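Proteins get letters first, then strands, A, B, ... in listed order; numbering begins at 1 in each. This structure is a prediction, so every number in the text was calculated from the model and none was measured.
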4 protein chains.
Amino acid sequence: MRADAERNRGRILDAAEEVFAQRGAAASTEEVARLAGVAIGTVFRHFPTKEDLLAAILKRLLARLAEDAAGLGGADGLHTFFTRLVQQAAARRMVVDLVGVSVPAAVGRLGDAVGELLRQAQEAGTVRGDVGRPEVMALLVSVCQGALQGGWDEGLQARTLAVVFAGLAAR
Amino acid sequence: MRADAERNRGRILDAAEEVFAQRGAAASTEEVARLAGVAIGTVFRHFPTKEDLLAAILKRLLARLAEDAAGLGGADGLHTFFTRLVQQAAARRMVVDLVGVSVPAAVGRLGDAVGELLRQAQEAGTVRGDVGRPEVMALLVSVCQGALQGGWDEGLQARTLAVVFAGLAAR
Amino acid sequence: MRADAERNRGRILDAAEEVFAQRGAAASTEEVARLAGVAIGTVFRHFPTKEDLLAAILKRLLARLAEDAAGLGGADGLHTFFTRLVQQAAARRMVVDLVGVSVPAAVGRLGDAVGELLRQAQEAGTVRGDVGRPEVMALLVSVCQGALQGGWDEGLQARTLAVVFAGLAAR
Amino acid sequence: MRADAERNRGRILDAAEEVFAQRGAAASTEEVARLAGVAIGTVFRHFPTKEDLLAAILKRLLARLAEDAAGLGGADGLHTFFTRLVQQAAARRMVVDLVGVSVPAAVGRLGDAVGELLRQAQEAGTVRGDVGRPEVMALLVSVCQGALQGGWDEGLQARTLAVVFAGLAAR
DNA sequence: TATGAATGAGCCTTCATTCAT
DNA sequence: TATGAATGAAGGCTCATTCAT
């Protein structure tokens with residue numbers, strides 16, 4: 001792949017992330033192309049289908065999240081990651097609309113990272129030992145989605161997370 | 001012919017509920033008409049706009065939920081309602097996509113019903129006294145949304161709810 | 001035909017005349033029914049086709065004009081009629097949109113009335129003898145149409161008619 | 001591919017001019033596409049709205065008329081232009097239906113051209129000095145519209161114009 | 001005869017995808 | 001490889017007309 005092709009791919013992904021984050025997955029591919037500064041044909045050359053483009057975004061997003069998680073750790077790592085994720089507005093709408101796009105591998109790696117945070121938190125005694133990775137992931141996704149719905153101001157967000165954290169906490 | 005019209009209205013709402021529950025709000029009005037067994041024009045006669053149709057469904061759905069909630073009560077009412085809601089597949093996708101359709105009144109009534117359940121649970125000592133209605137609603141919505149995303153089998157659903165309930169529980 | 005049927009027919013025609021005069025022939029038949037205070041089915045019972053309704057309106061309109069013309073006469077009858085017609089806003093849009101609806105008989109009778117006015121004017125020496133009925137009718141229609149187009153204020157209307165009248169005038 | 005696009009744009013305008021001239025502005029955009037030999041999407045790529053297409057036609061039409069008028073002049077320029085315009089069947093229905101589409105600039109330029117013809121005719125003594133541009137424009141539009149209505153054969157057209165010209169003539 | 005709900009063809013418009021340049 | 005014009009299948013919606021009540 002030529003250097004400029006590589007550069008275009010990146011631009012397209014960036015543009016797509018922004019466009020879909022703002023307008024949802026229903027936004028048109030043309031708008032992505034426009035923001036990326038390329039022609040529509042170029043988008044389809046790199047991502048033969050709109051779904052491919054969505055999947056690529058999600059994959060990259062998940063990879064970043066996994067990387068982010070990997071940088072954390074210790075007793076509060078899980079809580080920090082959880083909170084941070086819920087705060088990221090951009091990442092959020094994505095997750096909602098991308099339902100159906102399957103990128104099991106990337107999700108798997110994110111799951112691994114979260115699992116590691118969970119392990120450390122349990123080791124440090126911050127989180128109950130009988131909580132498993134699947135339910136933590138489920139809660140993570142749930143609260144992110146929920147945050148998208150209504151007018152969660154910071155206070156509500158904090159109180160909602162507090163309940164979840166209390167549920168996870170060791171007695 | 002008032003009777004026919006009434007019957008058709010009901011059929012259309014039922015069909016719409018099913019179609020949108022399965023395919024999301026992006027599903028076509030034509031498909032609703034087909035499932036309802038009426039012509040497309042009939043759908044638009046009853047609901048002049050697709051958004052009107054969506055709003056009508058949501059309104060009815062919320063009314064049912066509120067009614068459902070009103071029938072519960074006691075120490076475990078909130079938990080029962082919470083669990084039941086998460087189980088209802090049909091109701092779920094709806095909530096995701098219907099965001100933006102404003103039916104404040106209906107939502108308000110649902111909130112009231114949930115608030116009442118919360119009050120009773122707190123009175124019975126099942127739920128912490130420092131938890132407010134807003135965060136309970138937020139958790140409700142969140143977990144419903146989350147349940148839509150992945151392959152939540154019954155076990156995962158139960159374990160996820162268990163964490164939330166633990167978070168709500170009085171010590 | 002029953003008395004109430006007769007009455008409905010009249011109401012429908014009146015409503016249609018008003019609706020089509022204001023919104024043009026593209027206005028919906030439903031709106032006519034609404035204004036007439038009858039159900040849509042009743043409109044179609046009296047006028048099996050929208051075109052039939054339009055034709056009926058035009059016919060009645062032309063009949064009235066002919067009657068109007070018949071009441072005039074003398075040296076200035078033609079000029080008076082001509083001017084009056086151009087002033088009638090309601091009658092105008094009609095004529096534009098009703099193109100294609102053929103009501104030769106009614107037009108014929110109007111033509112007769114205008115012809116008579118022309119004859120009298122020529123006899124009185126107000127109008128040149130070598131002008132025929134067809135061109136007078138053509139001018140009548142033309143100026144009515146023209147008046148529909150732009151912002152003909154009264155002054156412009158008068159000056160435009162003045163040119164036409166000068167063209168018709170005996171030297 | 002600029003060339004193709006340009007060619008298509010032209011084809012579409014030509015097709016639209018013909019279709020709308022024959023069937024009126026109510027004709028479907030699909031028919032325009034069919035006659036132009038392009039897909040419906042292509043029409044909408046060039047003219048995002050039906051109204052845009054209508055406006056474009058009218059604009060081009062008026063530009064041609066203005067250009068045509070600019071090529072004339074002298075004592076009979078106005079009469080020639082007037083007659084020619086009335087003869088153009090294609091141009092005519094357009095003007096009827098396109099009312100409401102605002103292309104003031106183009107209309108303005110046409111008015112200028114006609115004004116110039118009028119000035120020259122008055123200078124040459126062919127037309128009365130007390131006739132203004134507005135009423136000439138009004139007559140122009142009127143007779144064009146009128147010509148659209150009925151069965152104006154050539155003779156009737158000539159005789160009708162003769163009256164108008166007599167009205168304009170200096171004594 | 002009146003009512004008004006139902007029908008369904010047809011319209012304008014959007015957008016993912018293809019393909020000639 | 002990039003461009004961007006062309007394609008054409010839907011989709012939402014309107015409205016003349018029919019028909020059961």
Side-chain angles (χ1 to χ4, degrees), chain A residues 1-6 8-9 26-34 37-53, chain B residues 1-9 12 26-33 36-53, chain C residues 1-6 8-9 26-34 37-53, chain D residues 1-9 12 26-33 36-53:
Chain A
M1 185 181 280
R2 289 217 217 121
D4 55 340
E6 193 75 39
N8 273 344
R9 204 192 128 91
S28 88
T29 311
E30 282 269 359
E31 195 168 344
V32 171
R34 216 176 301 136
V38 301
I40 183 67
T42 303
V43 175
F44 277 89
R45 163 168 286 270
H46 285 282
F47 307 94
T49 281
K50 188 180 184 179
E51 198 176 321
D52 291 335
L53 177 56
Chain B
M1 188 162 285
R2 202 50 143 294
D4 279 42
E6 197 74 36
R7 184 165 56 248
N8 273 341
R9 202 192 130 92
I12 290 168
S28 90
T29 309
E30 284 264 2
E31 195 168 344
V32 172
V38 301
I40 184 66
T42 302
V43 176
F44 279 93
R45 161 175 274 267
H46 286 280
F47 307 95
T49 281
K50 187 181 183 179
E51 198 176 321
D52 290 335
L53 178 55
Chain C
M1 184 181 282
R2 290 217 217 122
D4 57 339
E6 194 74 39
N8 273 344
R9 201 192 130 91
S28 86
T29 311
E30 282 270 0
E31 196 167 345
V32 172
R34 215 175 304 137
V38 301
I40 182 68
T42 304
V43 175
F44 277 89
R45 163 168 286 271
H46 285 281
F47 307 95
T49 282
K50 187 179 184 179
E51 198 175 322
D52 290 336
L53 177 56
Chain D
M1 188 162 285
R2 203 51 144 294
D4 278 43
E6 197 74 37
R7 183 165 56 248
N8 273 342
R9 202 192 130 91
I12 291 167
S28 89
T29 310
E30 284 265 3
E31 195 167 345
V32 172
V38 301
I40 184 66
T42 303
V43 175
F44 279 91
R45 161 172 275 266
H46 286 281
F47 307 95
T49 282
K50 187 180 183 180
E51 197 175 322
D52 289 335
L53 178 55

*Asks:* Within less than 4.0 Å of OP1 or OP2 of F:dT1, is there a side-chain N or O belonging to A:Asn8?
*Replies:* no

*Asks:* Please report the distance, rounded to the nearest Å, between CD in D:Glu31 and C1' in E:dC12.
*Replies:* 15 Å

*Asks:* Roughly, in whole Å, what's the span from CZ in A:Arg45 to C1' in E:dC19?
*Replies:* 12 Å

*Asks:* Among residues at least two apart in sequence or on other chains, which ones pass side-chain contact (heavy atoms from CB on, under 4.5 Å) with B:Glu30?
*Replies:* B:Ser28, B:Arg34, B:Ile40

*Asks:* Starting the side chain at C-beta, find the nucleotide from F:dA2, F:dG8, E:dA5 nearest to A:Ala5.
*Replies:* F:dA2

*Asks:* Kindly write out the residues that satisfy salt bridge (Lys or Arg N to Asp or Glu O under 4.0 Å) with B:Glu31, not counting sequence neighbours, or none if the list is empty.
*Replies:* B:Arg23

*Asks:* Return the value, rounded to whole Å, for the distance between atom CG of D:Leu53 and atom P of E:dC11.
*Replies:* 15 Å

*Asks:* What is the distance, rounded to the nearest whole Å, between atom CG of B:Asp4 and atom P of E:dA5?
*Replies:* 10 Å

*Asks:* For E:dA5 and B:Thr42 - does any side-chain N or O of the residue sit under 4.0 Å from the phosphate oxygens OP1/OP2?
*Replies:* no

*Asks:* Of the non-hydrogen atoms in B:Phe44 and B:Lys50, which two are nearest, and what is the gap between them?
*Replies:* CE2-N, 4.4 Å

*Asks:* Which nucleotide sits closest to the side chain of A:Ala39: F:dT3, F:dA6, F:dT7?
*Replies:* F:dT3

*Asks:* Identify the stems formed by DNA chain E, where each pair is Watson-Crick or G-U wobble with both distances under 3.5 angstrom and a stem is at least 3 consecutive pairs.
*Replies:* E:2-21 with F:2-21

*Asks:* Could you tell me the separation between the OG1 atom of C:Thr42 and the CZ atom of C:Arg45, rounded to the nearest 0.5 Å?
*Replies:* 8.0 Å

*Asks:* Report the distance from atom CD of B:Glu6 to atom NE2 of B:His46, rounding to the nearest 0.5 Å.
*Replies:* 8.5 Å

*Asks:* I need the NE2-C1' distance between C:His46 and E:dT3, as an integer number of Å.
*Replies:* 12 Å

*Asks:* Can you give me the closest heavy-atom contact between D:Ile12 and D:Ala36, atom names plus distance?
*Replies:* CA-CB, 3.9 Å

*Asks:* Rounded to whole Å, please give me the gap between CZ in B:Arg9 and P in E:dG4.
*Replies:* 18 Å

*Asks:* Distances under 3.5 Å between protein N/O atoms and the N/O atoms of nucleotides 13-15 of chain F, please, pair by pair.
*Replies:*
residue	atom	partner	partner atom	Å
F:dC13	OP2	B:Lys50	N	2.8

